[in-house]
Undergrad: 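One structure, pasted below without further comment.
Not measured: the values here are computed from a predicted model.
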Amino acid sequence: MQAYPEDHGLHRVPDDKLYNGTNNTSEGKKPLTLRELIDALHKAFETDHVSIDHVQELMVSYRSNPSEWKKYAKFDRYRYTRNLVDEGNRRFNLMVLCWGEGHGSAIHDHANAHCVMKILQGELCETRYAWPTKSETNDRTNEPEELKELEKNTLELNEICYINDSMGLHRVENPSTVNPAVSLHLYSPPFSSCSVFNKQTGQRTACNVTFWSKYGEKRNRDYALMLGKQLGLKGPRTAKPLGQNLNEEDFEKFRDEQVYQLYELMNAATGKTDTNSKDE
């Protein structure tokens with residue numbers, strides 16, 4: 001599949017293209033329901049030549065309705081979550097991301113995929129960065145290179161933005177310390193890993209991406225058990241302590257994703273469940 005964007009800049013839909021009330025003021029059409037959006041996306045991705053601009057128009061056409069996406073909105077108290085809504089016949093993934101107060105992503109790329117993000121609740125701050133200029137294969141100096149910030153935008157309810165790797169890297173965060181945020185994301189083609197970057201040094205690290213839930217059902221325990229199998233564990237309980245204690249200095253070096261994985265692995269290994277997670 002090939003997608004053809006007409007605009008290579010960060011795409012934020014103008015206010016006159018946003019739905020206000022029940023009608024589209026520019027085209028006279030009613031907003032799509034979430035089910036209608038999913039069906040329209042499936043139709044758009046039936047061919048191998050997809051207009052990413054048309055995909056963005058479809059995302060604009062959906063007006064946030066909490067009664068439709070609430071079942072997918074699974075929160076975690078420690079980090080943001082990725083919750084699969086639709087697999088898109090393996091041509092795209094549509095998902096709801098939930099951001100607790102102050103939660104944010106690492107600086108990351110999109111594994112050569114297209115990304116369209118829409119705000120369903122609250123607001124999110126998107127900061128875009130230039131790619132590191134040094135080549136990891138050709139540069140032998142090992143000198144750090146701080147990532148250059150290109151721009152910062154705050155997205156509000158029903159606004160969308162678009163990014164792909166040709167436009168740089170980005171980080172998304174919930175700037176509020178009191179209100180959660182929810183966003184709808186489309187990725188095409190789907191990917192299971194991407195790269196995250198250290199802001200101060202530009203160091204690039206591969207990172208697997210996973211779903212906190214699928215189709216409204218939580219999968220955190222299954223995910224932790226999968227990690228256990230990767231580590232060679234025989235089951236959810238071990239006969240003796242595994243690994244070693246971390247001191248605070250070493251712990252601070254972990255990325256949010258790594259802290260989250262350790263936490264879920266601990267819950268799976270001990271048979272505990274997190275009663276403090278909030279599903280909204």
Side-chain angles (χ1 to χ4, degrees), residues 1-65 68-69 82 84-97 105 108-120 123-131 150-172 182-191 194 209:
M1 184 200 72
Q2 296 179 353
Y4 299 97
E6 296 176 4
D7 181 3
H8 293 286
L10 179 66
H11 186 86
R12 292 189 65 194
V13 176
D15 291 341
D16 61 0
K17 289 189 179 181
L18 294 175
Y19 284 111
N20 183 14
T22 59
N23 294 319
N24 182 332
T25 57
S26 63
E27 298 180 5
K29 296 181 180 179
K30 289 184 178 180
L32 298 178
T33 65
L34 183 58
R35 182 67 259 171
E36 290 170 340
L37 171 63
I38 293 171
D39 291 342
L41 288 171
H42 274 263
K43 184 176 181 179
F45 280 89
E46 285 179 349
T47 82
D48 289 334
H49 300 281
V50 181
S51 167
I52 195 64
D53 294 297
H54 176 54
V55 172
Q56 292 179 72
E57 290 173 359
L58 291 176
M59 292 287 280
V60 170
S61 298
Y62 175 65
R63 186 170 183 269
S64 178
N65 183 345
E68 296 178 330
W69 52 256
R82 304 168 79 252
L84 183 66
V85 175
D86 193 272
E87 284 186 316
N89 293 329
R90 299 187 178 182
R91 292 176 178 258
F92 68 89
N93 277 166
L94 187 69
M95 63 189 76
V96 166
L97 272 63
S105 73
H108 60 277
D109 67 7
H110 291 88
N112 295 316
H114 297 269
C115 169
V116 184
M117 176 176 73
K118 181 184 185 77
I119 308 303
L120 300 180
E123 62 180 32
L124 292 173
C125 178
E126 191 245 22
T127 307
R128 191 149 59 97
Y129 300 87
W131 283 83
L150 297 176
E151 61 180 284
K152 181 176 291 189
N153 295 293
T154 298
L155 299 168
E156 300 177 347
L157 181 65
N158 283 320
E159 289 189 310
I160 75 168
C161 72
Y162 167 76
I163 190 171
N164 63 48
D165 284 347
S166 72
M167 298 159 57
L169 314 169
H170 79 171
R171 165 179 162 81
V172 178
V182 181
S183 52
L184 184 68
H185 294 238
L186 180 142
Y187 298 102
S188 178
F191 56 90
C194 65
V209 292

Undergrad: Could you check if a side-chain atom of Ser188 sits within less than 4.5 angstrom of a side-chain atom of Val50, using non-hydrogen atoms only?
TA: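 When only atoms from C-beta onward are counted, Val50 and Ser188 do not touch, as no gap falls below 4.5 Å.
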Undergrad: Given 3.5 Å as the limit, does a donor-acceptor pair link the side chain of Arg91 with the main chain of Thr47, or not?
TA: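 It does hold such a pair.
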Undergrad: Checking Thr154 side chain against Cys125 main chain: does a donor-acceptor pair fall under 3.5 Å?
TA: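 Pair absent, no side-chain N/O of Thr154 close to backbone of Cys125.
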Undergrad: Between Glu126 and Lys152, is there a side-chain heavy-atom distance shorter than 4.5 Å?
TA: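 No - every pair of side-chain heavy atoms lies 4.5 Å or more apart.
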Undergrad: If you take the centroid of each ring, where Trp contributes its six-membered ring, are His114 and Tyr162 closer together than 6.0 Å?
TA: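 So the answer is yes for these two rings.
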Undergrad: Under a 4.5 Å cut-off applied to non-hydrogen side-chain atoms, are Leu84 and Asn93 in contact?
TA: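 Answer yes - side chains close enough.
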Undergrad: Carefully, step by step, assess Gln56 and Ile160 under the rule side-chain contact (heavy atoms from CB on, under 4.5 Å).
TA: CA-CA 8 Å; Gln56 292 179 72; Ile160 75 168; 4.1 Å; yes
Undergrad: Please check if the side chain of Lys118 supplies one atom and the backbone of Leu184 the other of a donor-acceptor pair under 3.5 Å.
TA: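 A pair under 3.5 Å: no.
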Undergrad: Minimum heavy-atom separation for Leu157 to Ser64, with atom names?
TA: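 So the two residues come closest at CD1-CB, 4.0 Å.
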Undergrad: Might you point out which heavy atoms bring Leu155 and Met117 nearest each other, and give the distance in Å?
TA: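 Minimum heavy-atom separation between Leu155 and Met117: CD1-CE, 3.2 Å.
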Undergrad: Can you find a pair of side-chain heavy atoms, one from Glu159 and one from Cys161, that are under 4.5 Å apart?
TA: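 When only atoms from C-beta onward are counted, Cys161 and Glu159 do not touch, as no gap falls below 4.5 Å.
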Undergrad: State the CG-CG distance between Asp86 and Leu41, to the nearest 0.5 angstrom.
TA: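 Going from the CG atom of Asp86 to the CG atom of Leu41 covers 8.0 Å.
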Undergrad: Taking all atoms of both residues into account, what is the closest heavy-atom pair of Asn65 and Trp69, and its distance?
TA: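 Smallest heavy-atom distance, with atoms named: O-CD1, 3.2 Å.
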Undergrad: Minimum heavy-atom separation for Pro189 and Asn112, please, with both atom names.
TA: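 Closest approach of Pro189 to Asn112, heavy atoms only: CD-O, 4.1 Å.
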Undergrad: Using every non-hydrogen atom in the two residues, find where Val116 and Ile52 come nearest and quote the distance to one decimal.
TA: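 Residues Val116 and Ile52, closest heavy atoms: CG2-CD1, 4.5 Å.
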Undergrad: Measuring from atom OH of Tyr129 to atom CG of Asp109, what distance do you get when rounded to the nearest 0.5 angstrom?
TA: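 So the OH of Tyr129 and the CG of Asp109 are separated by 14.5 Å.
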Undergrad: Are Glu156 and Ile119 packed together at the side-chain level, in the sense that at least one heavy-atom pair is separated by less than 4.5 angstrom?
TA: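 In short, these two side chains do not touch, never coming nearer than 4.5 Å.
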Undergrad: Using only heavy-atom distances, determine whether the side chains of Tyr62 and Glu36 contain a donor-acceptor pair under 3.5 Å.
TA: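 The criterion, which ignores hydrogens and geometry beyond distance, is not satisfied for Glu36 and Tyr62.
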Undergrad: Would you say Arg82 and Tyr187 make side-chain contact, with heavy atoms under 4.5 Å?
TA: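 Yes, at least one pair of side-chain atoms sits under 4.5 Å.
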Undergrad: Rounded to the nearest 0.5 Å, what's the gap from OG1 on Thr127 to NE2 on His170? Could you check?
TA: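 Separation between the atoms: 9.5 Å.
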Undergrad: Going through the checks in order, is the side-chain hydrogen bond (donor to acceptor under 3.5 Å, both in side chains) test met by Asn153 and Glu151?
TA: CA-CA 7 Å; Asn153 295 293; Glu151 61 180 284; 2.9 Å; yes
Undergrad: Should the pair His42 and Phe92 be assigned to parallel (<30°), tilted (30 to 60°) or perpendicular (>60°) ring geometry?
TA: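 Plane angle over 60°, so perpendicular.
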Undergrad: side-chain contact (heavy atoms from CB on, under 4.5 Å), that's the test. Do Leu124 and Ser183 meet it? Break it down for me.
TA: CA-CA 8 Å; Leu124 292 173; Ser183 52; 3.7 Å; yes
Undergrad: Less than 4.5 Å apart, side chain to side chain, heavy atoms only: is that true for His185 and Leu94?
TA: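 SC-SC contact between His185 and Leu94 ruled out.
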Undergrad: What distance separates Leu58 CG from Ile38 CD1, expressed to the nearest 0.5 Å?
TA: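 Nearest 0.5 Å value for the CG-CD1 distance: 12.0 Å.
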Undergrad: Could you tell me whether a side-chain N or O of Arg63 sits under 3.5 Å from a main-chain N or O of Asn158, the two making a donor and an acceptor?
TA: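 No, because the side chain of Arg63 does not come within donor-acceptor range (under 3.5 Å) of the backbone of Asn158.
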Undergrad: Between Asp165 and Trp131, is there a side-chain heavy-atom distance shorter than 4.5 Å?
TA: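 They are in side-chain contact.
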Undergrad: Is the backbone N or O of Ser105 less than 3.5 Å from a side-chain atom of Arg171, with the two atoms forming a donor-acceptor pair by type?
TA: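 Flag set: sc Arg171 to bb Ser105 pair under 3.5 Å.
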Undergrad: Looking at every heavy atom in both Val209 and Cys194, which two are closest together, and how far apart are they?
TA: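 It is CG1-SG, 4.0 Å.
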Undergrad: Could you walk me through whether Arg35 and Asp39 pass salt bridge (charged side-chain N to carboxylate O under 4.0 Å, His left out), step by step?
TA: CA-CA 6 Å; Arg35 182 67 259 171; Asp39 291 342; 3.0 Å; yes
